[in-house]
Trainee: 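Quick one: structure below, then a few questions.
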Amino acid sequence: MGIVSLVSLYIIPVIIGFILIYGTLKKVPTYEAFVEGGKEGINIAFSIIPYLVGMLVSISIFRASGAMDFFVEFLRPALQFIGVPAEIAPLAIIRPISGTAALGMTTDLIATYGPDSFIGRLASTLQGSTDTTFYVLTVYFGAVGIKKMGDALKVGLLADLVGIIASLVIVTLIFGY
């Protein structure tokens with residue numbers, strides 16, 4: 001663990017130093033290139049703010065309205081029938097929307113049920129096996145101005161569904177129910 005900590009401490013300064021030295025040796029105006037990159041980064045940050053605000057407001061409305069609780073209770077009998085704990089459903093629903101909210105839910109599930117419980121292991125595996133599809137589409141597509149994202153959304157949500165199912169199968173096979 002000591003070598004990992006040492007490498008993680010120095011890797012970023014070493015990479016930045018290497019880029020500056022390499023650029024200088026290639027006679028690239030590194031400072032001017034850095035400033036231009038910074039300008040582009042600020043422009044991208046400002047351009048994605050409306051998309052982020054829209055997504056965060058939508059998430060808040062979905063949770064605060066009770067729609068998610070209603071949806072989970074609606075699914076509970078079907079989930080119990082196939083052996084999926086209903087406690088994991090909110091995480092599976094929110095994970096494609098918000099990584100931070102999903103991380104908070106995972107932390108809460110682990111704190112409630114324990115890291116070695118089936119729910120804790122499933123939540124951890126699900127967290128690592130799925131992606132924040134809506135966030136990725138919002139930020140990256142918004143940054144480059146793509147407005148039609150239908151096929152990417154379908155593929156992203158399908159990948160999330162596969163990740164959820166794979167998490168359930170793998171955790172059940174390895175750790176049991």
Side-chain angles (χ1 to χ4, degrees), residues 1-63 88 90-111 115 120-171 174:
M1 202 60 175
I3 189 85
V4 173
S5 297
L6 186 67
V7 169
S8 66
L9 183 65
Y10 291 108
I11 192 71
I12 298 295
V14 168
I15 290 173
I16 291 172
F18 173 76
I19 291 171
L20 290 174
I21 291 170
Y22 185 77
T24 303
L25 292 175
K26 291 289 186 179
K27 302 201 185 298
V28 174
T30 53
Y31 181 73
E32 289 80 6
F34 173 78
V35 170
E36 283 300 316
K39 286 179 186 176
E40 288 180 25
I42 288 176
N43 288 336
I44 289 172
F46 281 125
S47 70
I48 65 173
I49 285 175
Y51 299 101
L52 285 173
V53 169
M55 186 184 68
L56 293 174
V57 168
S58 300
I59 293 168
S60 297
I61 290 171
F62 183 64
R63 293 184 77 184
I88 209 77
L91 175 61
I93 293 169
I94 209 71
R95 177 66 177 143
I97 300 170
S98 172
T100 305
L103 185 60
M105 288 180 168
T106 301
T107 303
D108 187 50
L109 286 171
I110 290 172
R121 289 175 172 152
L122 181 58
S124 300
T125 307
L126 194 148
Q127 178 79 20
S129 303
T130 56
D131 202 354
T132 54
T133 301
F134 286 101
Y135 178 80
V136 168
L137 292 177
T138 299
V139 171
Y140 296 122
F141 280 33
V144 294
I146 296 173
K147 300 208 184 299
K148 294 182 179 181
M149 55 182 88
D151 290 337
L153 179 63
K154 292 172 193 169
V155 171
L157 290 176
L158 180 63
D160 287 333
L161 180 63
V162 170
I164 292 167
I165 293 170
S167 299
L168 183 63
V169 170
I170 290 170
V171 169
I174 293 177

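Each residue takes its place number in the sequence, starting with 1.
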Trainee: When you compare the side chain of L153 with that of F134, does any pair of heavy atoms fall below 4.5 Å?
Mentor: yes

Trainee: Give me the atom names and distance for the closest heavy-atom approach of D131 to D160.
Mentor: N-OD1, 3.0 Å

Trainee: Can you name the closest pair of heavy atoms from R95 and A102 and give their distance?
Mentor: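 What the structure gives for the nearest pair is CD-CB, 3.6 Å.
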
Trainee: Please round to the nearest 0.5 Å and tell me the distance separating atom OG1 of T106 and atom CD1 of I110.
Mentor: 6.0 Å

Trainee: Return the CD1 to CG distance between I15 and L20, rounded to the nearest 0.5 Å.
Mentor: 12.0 Å

Trainee: With rounding to the nearest 0.5 Å, note down the distance linking CG in L91 to CG in D108.
Mentor: 10.5 Å

Trainee: Looking only at non-hydrogen atoms, find the nearest pair between A101 and I94 and report the distance.
Mentor: CB-CG1, 4.0 Å

Trainee: When you measure from the side chain of T132 to the backbone of Y135, do you find a donor-acceptor pair of N or O atoms at a distance under 3.5 Å?
Mentor: no

Trainee: So which heavy atom on I49 is nearest to which on A45, and how close?
Mentor: CG1-O, 3.2 Å

Trainee: Calculate, to the nearest 0.5 Å, the distance between atoms CD1 and OG1 belonging to I97 and T138 respectively.
Mentor: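 Output value for this atom pair is 10.0 Å.
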
Trainee: Can you establish whether the number of heavy atoms outside Y140 located under 6.0 Å from its atom OH is more than 12?
Mentor: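 Atom OH in Y140 is not packed in, count stays at 12 or less.
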
Trainee: Would you confirm whether S8, through its side chain, and S5, through its main-chain N or O, come within 3.5 Å as a donor-acceptor pair?
Mentor: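 Yes, the answer is positive, given that a donor and an acceptor are paired below the 3.5 Å cut-off.
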
Trainee: Kindly compute the distance separating CG (L126) from CZ (R121), expressed to the nearest 0.5 Å.
Mentor: 15.5 Å

Trainee: Which value, rounded to the nearest 0.5 Å, describes the distance between K154 atom NZ and T133 atom OG1?
Mentor: 14.5 Å

Trainee: Would you check if T130 and P96 make a side-chain contact, meaning some heavy-atom pair closer than 4.5 Å?
Mentor: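 No; the side chains remain at least 4.5 Å from each other.
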
